[in-house]
Amino acid sequence: MWTTEHTATTTAPAAAVWSALRDLHSGIPLGPSSDAFELHGPFAVGTEVTVTPQGQEAMTSTIVELEPEHVCADRTVFGELALTFRHTLTATPDGGTSVTHTLEIEGAGAEAAGPELGPQIAGDFPVAMAELLRAAEERAAATARA
């Protein structure tokens with residue numbers, strides 16, 4: 001197995017981060033760099049999602065783990081490799097949220113393919129995370145004003 005991760009923290013509570021993450025997976029872009037998502041059923045374990053990274057071909061993923069306000073993971077299979085993308089949300093002492101976006105590559109040849117393929121795939125994690133957290137902070141601010 002090969003893995004990499006990117007972590008960032010926001011002042012937004014987990015509920016706001018979860019709302020933005022659910023919207024993204026439901027096809028609502030969070031910013032100009034968002035990948036395109038098309039959910040084929042409910043936002044639930046077992047549902048397939050078509051993901052089209054900007055400038056690339058579409059791929060099909062399956063939601064494999066979902067615990068509201070805590071973790072969302074989907075898996076894409078390419079031949080003998082399985083790529084799992086996981087967002088883990090952890091509350092911070094100040095009421096905010098730490099979000100870790102992890103990529104795990106498993107299967108035959110993962111240890112050889114991971115160092116080459118992984119950084120290419122995860123290269124946009126910081127930008128995608130910034131858009132996710134910005135959307136969460138906007139939701140939190142709107143809730144506070146209401």
Side-chain angles (χ1 to χ4, degrees), residues 1-140:
M1 179 170 76
W2 183 90
T3 187
T4 189
E5 63 184 37
H6 175 74
T7 300
T9 303
T10 177
T11 58
V17 177
W18 187 258
S19 173
L21 196 57
R22 184 184 60 238
D23 281 355
L24 178 64
H25 279 77
S26 298
I28 300 170
L30 301 180
S33 299
S34 291
D35 293 342
F37 286 76
E38 182 181 355
L39 196 59
H40 302 286
F43 186 53
V45 171
T47 298
E48 289 190 345
V49 182
T50 301
V51 183
T52 308
Q54 288 199 5
Q56 299 179 36
E57 295 292 318
M59 58 187 162
T60 301
S61 291
T62 303
I63 298 173
V64 294
E65 187 177 5
L66 203 60
E67 185 180 340
E69 298 184 22
H70 295 287
V71 65
C72 174
D74 60 83
R75 180 171 294 131
T76 304
V77 176
F78 289 107
E80 294 184 347
L81 295 177
L83 286 67
T84 302
F85 298 87
R86 178 176 287 107
H87 284 85
T88 305
L89 286 60
T90 306
T92 60
D94 64 357
T97 309
S98 176
V99 183
T100 299
H101 190 181
T102 305
L103 166 61
E104 297 171 349
I105 301 176
E106 300 175 284
E111 287 156 9
E116 181 180 334
L117 185 61
Q120 293 173 18
I121 295 169
D124 72 340
F125 280 13
V127 171
M129 181 75 76
E131 287 185 348
L132 173 67
L133 299 186
R134 188 175 316 109
E137 290 162 3
E138 289 171 0
R139 284 167 168 75

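Note that the structure is predicted; figures quoted are calculated from it, not measured.
- Within the structure, side chain to side chain donor-acceptor pair (under 3.5 Å) pairs that include any residue of residues 102-120 comprise R86-E104 (at least two apart or interchain).
- To the nearest 0.5 angstrom, L81 atom CG is 7.0 Å from L117 atom CG.
- Under the 4.5 Å side-chain criterion, counting only non-hydrogen atoms from C-beta, H87 is in contact with V99.
- Residues T92 and S98 share a closest heavy-atom pair of CG2-N, 3.7 Å.
- Side-chain contact between S61 and F37 is absent, with no heavy atoms from C-beta onward closer than 4.5 Å.
- Counted by atom type alone, R75 and T84 present one or more donor-acceptor pairs between their side chains at under 3.5 Å.
- T47 places a side-chain N or O within 3.5 Å of a backbone atom of P42 that can act as its donor or acceptor partner.
- The closest side-chain heavy-atom distance from L24 to D35 is not below 4.5 Å.
- Looking at every heavy atom in both residues, T52 comes nearest to A58 through OG1-CB, 3.3 Å.
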Derivation of the side chain to side chain contact (heavy atoms under 4.5 Å, CB included) call for M1 and I105: CA-CA 6 Å; M1 179 170 76; I105 301 176; over 6 Å; no

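- The closest donor-acceptor contact from the side chain of T62 to the backbone of V64 lies at 3.5 Å or more, if one exists at all.
- Proximity of a side-chain donor or acceptor of T50 to a complementary backbone N or O of T60 within less than 3.5 Å is not detected.
- Looking at every heavy atom in both residues, P126 comes nearest to H6 through CA-NE2, 3.6 Å.
- Using modelled atom types and a 3.5 Å distance limit, the side chains of T88 and H70 yield no donor-acceptor pair.
- Shortest non-hydrogen contact noted between A12 and A16 is CB-CB, 4.2 Å.
- Contact record, F78 with M59: CZ-SD, 3.7 Å, taken as the closest heavy-atom pair.
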Side-chain donor/acceptor pairs under 3.5 Å, residues 26-34, sequence neighbours excluded:
from : atom 1 : to   : atom 2 : distance (Å)
S26  : OG     : R22  : O      : 2.8
S34  : OG     : L30  : N      : 2.9
S34  : OG     : G31  : N      : 3.1
S34  : OG     : G31  : O      : 3.3
S34  : OG     : E131 : OE1    : 3.1

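- Ring-plane geometry between H101 and F125 is classed as parallel, the angle between the planes falling under 30 degrees on a 0 to 90 degree scale with a further cut at 60.
- Side chain of T7 to main chain of T100: no donor-acceptor pair is present (N/O by atom type, distance under 3.5 Å, no hydrogens or angles).
- Here the CG atom belonging to L21 is positioned 5.5 Å from the CZ atom belonging to F43, to the nearest 0.5 angstrom.
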Derivation and outcome, side chain to side chain contact (heavy atoms under 4.5 Å, CB included), residues T11 and E137: CA-CA 7 Å; T11 58; E137 290 162 3; 4.2 Å; yes

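- At least one side-chain heavy atom of L103 sits under 4.5 Å from a side-chain heavy atom of W2.
- Residues V71 and L66 have side chains not in contact (no heavy-atom distance under 4.5 Å, counting atoms from C-beta outward).
- Using a 4.5 Å heavy-atom threshold, the side chains of V17 and T97 count as touching.
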Check against side chain to side chain contact (heavy atoms under 4.5 Å, CB included), D74 and V49: CA-CA 8 Å; D74 60 83; V49 182; 5.6 Å; no

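- To the nearest 0.5 angstrom, E65 atom CD is 9.0 Å from C72 atom SG.
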